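Structure first, commentary second.
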There are 2 protein chains.
Amino acid sequence: MPEVDEIDHHVLRLLREDGRRTFSEMADKVGLSVAAVKRRVDRLRDIGVITGFTVQIDYARLGWGIEAFTELRYPGTTPVADIVRTTVDVPEVQEVFTIAGDPDAMIHVRARDLGHLQQVIDRLRRAGDVTGTKTLLVLGSWTHETAPKA
Amino acid sequence: MPEVDEIDHHVLRLLREDGRRTFSEMADKVGLSVAAVKRRVDRLRDIGVITGFTVQIDYARLGWGIEAFTELRYPGTTPVADIVRTTVDVPEVQEVFTIAGDPDAMIHVRARDLGHLQQVIDRLRRAGDVTGTKTLLVLGSWTHETAPKA
DNA sequence: ATTGAAAAGGCTTCGAC
DNA sequence: GTCGAAGCCTTTTCAAT
C-alpha cells in the first residue's frame with residue numbers, strides 16, 4: 001500500500017485549494033525543492049491517490065440553475081451494471097451512486113429548469129426497469145473550501 | 001449577463017477533462033492563439049463561471065473508504081443558516097445540500113470506516129435540533145465525464 | 001530512496017498592434 | 001482577435017545525502 005506522509009498531505013491540501021498551483025509555489029510552502037514536489041505529485045498520480053485535475057464551474061451561471069438528487073428503486077433482480085448503464089448515459093446525470101439497502105441508487109442531476117428536470121426524470125423512469133423514484137430538489141449547497149452558491 | 005459562446009464551452013470541456021491543461025494545448029484544440037485562450041479563461045473566472053480549480057483524489061486510497069449520504073430532518077422552525085452551520089463545521093462532511101420539502105438537508109460524508117461514520121452521525125444527531133436522519137451508504141460511484149452542453 | 005541544483009525547452013504573461 | 005519578447009515554470013539529468 002502507498003506510503004503517504006505529512007508533506008504529501010500538505011501538497012494535496014494545496015492542490016485541493018488551487019489545482020493549478022505551480023510546483024515552485026508549492027515548493028516554497030512545503031519547504032522542499034521544486035523537483036522534489038513535482039516528483040511527489042507524479043508519484044501520487046502513479047499510485048492512484050491523485051486521479052486527475054478539474055475546473056470548478058458555477059453551472060447556474062451557464063443557465064443550468066436546477067440541481068437535484070433522485071433516489072432510484074429497481075426490482076431485486078436488476079444487476080448493478082444495468083443500473084449504472086441506464087443512468088450514466090443520460091447527459092444531465094452528473095454522478096451515479098449505488099446504495100446499500102433502500103433506495104438502490106442515487107443520482108446527482110443538473111437541468112436548465114424544472115420542466116427540463118421533469119423530462120430527465122421521465123426518461124429515467126422509462127429507461128431500464130425502474131420501479132420508483134424520489135427526487136430531492138437542491139435549494140443551496142455549501143462545502144468546506146468554497147463560498148455559498150446560489 | 002455573461003455571453004458564453006461555443007469556444008468558451010469547448011475550453012470549459014477541456015478544463016473539465018484536465019484542469020492543468022496548458023493554454024497552448026487548448027489554443028491548438030480550439031483554433032485560437034494562446035493569448036486569446038488565456039483571455040477567455042480569465043474572463044470566465046471574472047464573470048464567475050469558473051470558480052476555481054482542484055485536484056481529484058481517490059479518498060479510499062488515503063484510508064477514507066466509507067462514503068455516505070445522510071438525509072437530515074429538522075423542526076419547521078430551524079433556519080437554514082443553523083442547518084448549514086451545524087453540519088459544515090464537521091470535518092467529515094464534504095458537502096451540505098439544503099432541500100425543498102422532505103428531508104430538509106442532505107450531506108455528503110466521508111469516513112475511515114463504519115465505526116467512524118457512526119460517530120459522525122451521532123455527533124450530527126446531537127448537534128443543533130436534528131429530529132431525524134437516514135443514511136445511505138455508497139457502494140460505488142460513477143461520473144459523467146462530459147459537462148452538460150447548453 | 002529521496003533530495004537539491006542546474007540547464008534546456010516550453011509556457012505564461014503582458015504590452016503593442 | 002494576433003504577434004512577440006521577457007520572465008517564470010516544467011522537466012530531466014546528475015551528483016549527494
Side-chain angles (χ1 to χ4, degrees), chain A residues 1-64 145-147, chain B residues 1-65 112 143 145-150:
Chain A
M1 285 298 280
E3 186 90 29
V4 180
D5 66 14
E6 268 311 307
I7 295 179
D8 290 325
H9 275 101
H10 193 173
V11 169
L12 288 172
R13 184 168 58 74
L14 293 172
L15 286 174
R16 237 177 277 145
E17 292 169 3
D18 179 2
R20 281 183 83 93
R21 276 203 155 97
T22 63
F23 293 123
S24 42
E25 182 190 346
M26 292 187 282
D28 287 344
K29 289 186 190 294
V30 306
L32 285 179
S33 68
V34 171
V37 172
K38 175 181 164 28
R39 276 190 296 260
R40 280 169 182 267
V41 172
D42 287 346
R43 180 172 153 280
L44 288 168
R45 291 192 85 140
D46 288 343
I47 66 180
V49 169
I50 291 177
T51 60
F53 294 88
T54 196
V55 62
Q56 296 166 307
I57 293 173
D58 183 345
Y59 288 96
R61 301 219 186 207
L62 290 177
W64 290 66
E145 290 132 26
T146 59
Chain B
M1 271 309 277
E3 182 93 25
V4 180
D5 66 14
E6 267 311 307
I7 294 180
D8 289 326
H9 276 99
H10 194 175
V11 169
L12 288 172
R13 184 168 60 74
L14 293 172
L15 285 174
R16 249 188 78 121
E17 291 168 3
D18 180 1
R20 280 182 85 93
R21 275 208 158 95
T22 63
F23 292 124
S24 40
E25 181 190 347
M26 292 187 281
D28 285 346
K29 288 186 190 294
V30 306
L32 286 180
S33 68
V34 171
V37 172
K38 174 177 164 31
R39 191 162 149 225
R40 279 168 182 267
V41 172
D42 287 345
R43 180 171 155 279
L44 288 169
R45 290 192 85 139
D46 288 343
I47 65 179
V49 168
I50 291 178
T51 60
F53 293 88
T54 195
V55 63
Q56 295 166 309
I57 294 173
D58 182 346
Y59 288 95
R61 301 218 187 209
L62 291 176
W64 291 66
R112 297 188 170 280
T143 61
E145 280 301 302
T146 46
K149 285 181 66 180

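Letters A, B, ... mirror the listed sequences (proteins, then strands); counts begin at 1. Given the structure is predicted, the values throughout are model-derived calculations rather than measurements.
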Side chains of [X] and [Y], heavy atoms from C-beta outward: is any pair under 4.5 Å?
X: B:Val30; Y: B:Leu14; value: yes
X: B:Leu12; Y: B:Ile50; value: yes
X: B:Val55; Y: A:Val41; value: no

B:Thr51 versus B:Gly48, closest heavy-atom pair with distance: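 Scanning both residues completely, I find the closest heavy atoms to be CG2-O, 3.8 Å.
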Would you please name every residue forming a side-chain hydrogen bond (donor to acceptor under 3.5 Å, both in side chains) with [X], sequence neighbours left out?
X: A:Arg21; value: A:Glu17, A:Glu25
X: A:Arg40; value: A:Asp5, A:Asp8
X: A:Asp42; value: A:Lys38

Pair A:Val37-A:Lys29, side-chain contact (heavy atoms from CB on, under 4.5 Å): steps then yes or no: CA-CA 10 Å; A:Val37 172; A:Lys29 289 186 190 294; over 6 Å; no
Using nucleotides 2-6 of chain C, report all nitrogen or oxygen pairs with the protein that are shorter than 3.5 Å.
unit_1 : atom_1 : unit_2  : atom_2 : d
C:dT3  : OP1    : A:Arg40 : NE     : 3.2
C:dT3  : OP1    : A:Arg40 : NH2    : 2.6
C:dG4  : OP2    : A:Ser33 : N      : 2.8
C:dG4  : OP2    : A:Ser33 : OG     : 2.8
C:dG4  : N7     : A:Arg39 : NH2    : 3.2
C:dG4  : O6     : A:Arg39 : NH1    : 3.1

Range on DNA chain D touched by chain B - first to last nucleotide, heavy-atom distance under 4.0 Å: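 Contact span on the strand: D:dG1 to D:dT10.
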Exam field: side chain A:Thr54 to backbone B:Gly19, donor-acceptor pair closer than 3.5 Å: no
Residues which pass side-chain contact (heavy atoms from CB on, under 4.5 Å) with A:Val34, listed by chain and number, not counting sequence neighbours: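 In terms of side-chain contact (heavy atoms from CB on, under 4.5 Å), with neighbours along the sequence ignored, A:Val34 is linked to A:Phe23, A:Ser24, A:Ala27.
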Results of side-chain contact (heavy atoms from CB on, under 4.5 Å) for B:Ala35 - residues two or more places apart only: B:Ser33
Inter-end axis angle, the helix from C:dA1-D:dT17 to C:dC17-D:dG1, with every axis fitted to five base pairs (rounded, 10 degrees):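 Inter-axis angle at the ends, rounded: 30°.
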Quick one: which protein N/O atoms are closer than 3.5 Å to N/O atoms of nucleotides 8-10 of chain C? Pair and distance per line, please.
none

Whole angstrom value for the distance that separates P of C:dT12 from CD of A:Glu25: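 That distance rounds to 15 Å.
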Nearest-angstrom distance from the residue atom CZ of B:Phe23 to C1' of C:dT13: 9 Å
Sequence neighbours excluded - ring pair (Phe, Tyr, Trp, His ring centres under 6.0 Å) pairs with any residue from residues 44-65 of chain B: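 For residues 44-65 of chain B, and leaving out neighbouring residues, the ring pair (Phe, Tyr, Trp, His ring centres under 6.0 Å) pairs sorted by first residue read B:Trp64-B:His116.
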Contact list for residues 44-58 of chain B, test salt bridge (Lys or Arg N to Asp or Glu O under 4.0 Å), sequence neighbours left out: B:Asp58-B:Arg61
